[in-house]
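One structure is given here, and the rest of the page talks about it.
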2 protein chains.
Amino acid sequence: MGGWEEVRAEVLRRIRAREWVPGAVIPGEEALAVEFGVARATVNRALRELAEAGLLERRRKAGTRVALLPVRKATLEISIIRQEVEARGEVYAHRVLESRMEGVPLAVALRMGVPVGVGMLFLETLHLAGGRPFAHEVRWLNVGVLPGGAVPDFSVTSANEWLVQNVAYATGDIAFSAEAASGAEAAALGISAGDPVFVTERVTWTAEAPITFVRLLHGPGYRLRTMV
Amino acid sequence: MGGWEEVRAEVLRRIRAREWVPGAVIPGEEALAVEFGVARATVNRALRELAEAGLLERRRKAGTRVALLPVRKATLEISIIRQEVEARGEVYAHRVLESRMEGVPLAVALRMGVPVGVGMLFLETLHLAGGRPFAHEVRWLNVGVLPGGAVPDFSVTSANEWLVQNVAYATGDIAFSAEAASGAEAAALGISAGDPVFVTERVTWTAEAPITFVRLLHGPGYRLRTMV
DNA sequence: TCGCCCATTATGTATAGACATAATAACGCA
DNA sequence: TGCGTTATTATGTCTATACATAATGGGCGA
């Protein structure tokens, strides 16, 4: 048996075929290395990947066992909205509806971990696909942490894209939910008030300070997809 | 400098600090290994992780460069509903509302890749958290591929959990969307018709055949969260 | 008997060296 | 000059070996 991918495939086959049942300890790396005729490091690489995928549980000394209730991990690819639109074969455009300095309200302050009323740039943007509304974005931006200091013109490059290019590689957390569109939101998206919208809320941080809070609304028909 | 995590951290720091700008080729593994005083394999491990996270792009011969438009990867943990409810500190229960053999309708047949009218087990389940409706599940189950052949009693262990334990480790795809609750769905969840619901649809496969199609509805207030 | 400490053990990581592979860049030929 | 072939090169992977680390289970002592 050849490389680590073959080892992974064979181990996966044994798990699926229930040759190794959930909860049971499987042979150690050393034993598998001998059986498969590879080095232990190769087995380690294969088992590590399966553990990261949630199919195996590994603990030092205790050994490796097949997960009893495997928590499957699906990976979502978070790309910029322009790419998402263009991937559908449509022409992207965006329009800045609002752009002003404003003190953050309580809900935003709590999420960003800053005091209420801190001055941030408030941005409201409509993203268009083929001229039709695609997503409505509301954003608070901590201009203090921007590289260069000056605030760029977001009507040229959207804040979404500009941030990915210029303050990227930050950490953050994301939440998805379904909500009813408010009157203003519905008007922007060209739907009716009360219609269900797919909401993405994201807070982004550097090591020290919060960068931005975004609330993104997608109208009916939007689907977020992934594979497992 | 010590292990691969330290190397990863330092490389990440240089990317964030823009010492290495997006699009630029960074030094080769050999050079970094010398600079950090570690083996090339250690640098390789660190760079591979960053590439998997979408921050670096690596190509043989061409070298490693900082991603221009990094596609961030967020991992969603797909756990069984009982675990999800219990993680909130609430008591889980479920009720099977419907359970009968039935030919699959067109929409389901298309998603599962089977002919219209194929006989499958139709299941309708309500998941409860602390006695209150938590999620409404509609499922078509390809009983032909179940291990053992016999159909278990899903009123004891929910189909959701039973499948994870018994036909787990399958592949599939998942889609999330926001929809308006139909009258029947709203009644089951104890909300009003037209209220926005968070919809999760999942098709699961073994290597050969489709196993199940699930449509899961979460009422208002539900949030799907993850970190980046 | 109970509880603490430590030997044991499987995984986790690091290393140097080697070869494989993909893709570019350079070369040579027409 | 244009195009196809080849040499070069950075990443990808494998191996053997060594040591680190966490956690278990047994042994020891109170």
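Just so we're on the same page: letters track the sequence lines, and every chain starts at 1. What you see is a predicted model, and the numbers here were worked out from it, not measured in a lab.
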>> Can you measure B/L32 atom CG to D/dG12 atom P for me and round it to whole angstrom units?
In response: 13 Å
> Roughly how many Å is it from CD in A/E30 to C1' in D/dA18, rounded to a whole number?
Replying inline: 13 Å
> Given C/dG12, is OP1 or OP2 found less than 4.0 Å from the side-chain N or O atoms of A/N44?
Replying inline: yes
> Counting just side-chain N and O atoms, does B/T42 come under 4.0 Å of either OP1 or OP2 of C/dT13?
Replying inline: no
Scan the side chains in residues 44-51 of chain A for donor-acceptor partners under 3.5 Å anywhere in the protein, sequence neighbours excluded, and list what turns up.
from, atom 1, to, atom 2, distance (Å)
A/N44, ND2, A/E29, OE2, 2.8
A/E49, OE1, A/R8, NH1, 3.2

> In whole Å, what is the span from the CZ atom of A/R65 to the C1' atom of D/dT24?
Replying inline: 12 Å
> Does A/E201 pair with B/R223 as a salt bridge, N-O distance under 4.0 Å?
Replying inline: yes
> Taking only side-chain nitrogens and oxygens of B/R48, does any of them come within less than 4.0 Å of OP1 or OP2 of D/dT11?
Replying inline: no
>> If you assign B/L47 and A/A41 each to the DNA chain D nucleotide with the nearest heavy atom, which residue ends up on the more 5' nucleotide?
In response: B/L47
>> Without decimals, in angstroms, what is the distance between B/E52 CD and D/dT11 P?
In response: 16 Å
> Among C/dT11, C/dT13, C/dA22, which is the nearest nucleotide to the side chain of B/W4?
Replying inline: C/dT13
>> Output the rounded distance in Å from CG (A/L56) to P (C/dT11).
In response: 11 Å
>> Could you tell me how far apart A/E6 (CD) and D/dT13 (P) are, to the nearest whole angstrom?
In response: 13 Å
> In this structure, are over 12 heavy atoms from other groups packed under 6.0 Å from A/R225 atom CZ?
Replying inline: no
> So which one's nearest nucleotide on DNA chain D is more toward 5', A/E5 or A/R59?
Replying inline: A/E5
>> Let's test your reading of the model: under 3.5 Å, does the base of D/dT21 pair with the side chain of A/R60 as donor and acceptor?
In response: yes
> Side chain of A/R40: nearest nucleotide among C/dG12, C/dT9, D/dG12?
Replying inline: C/dG12
>> Of the listed nucleotides (D/dT13, C/dT9, C/dT15), which one gets closest to any side-chain atom of B/V38?
In response: C/dT15
> Taking CZ from B/F36 and P from C/dA14, how many angstroms apart are they, rounded to a whole number?
Replying inline: 14 Å
>> Could you check whether B/Y222 and B/E84, counting side-chain N and O atoms only, form a donor-acceptor pair closer than 3.5 Å?
In response: yes
> Has B/R13 got more than 12 heavy atoms of other residues, nucleotides or ligands less than 6.0 Å from its CZ?
Replying inline: yes
> Whole-Å distance between D/dA22 P and A/E29 CD?
Replying inline: 16 Å
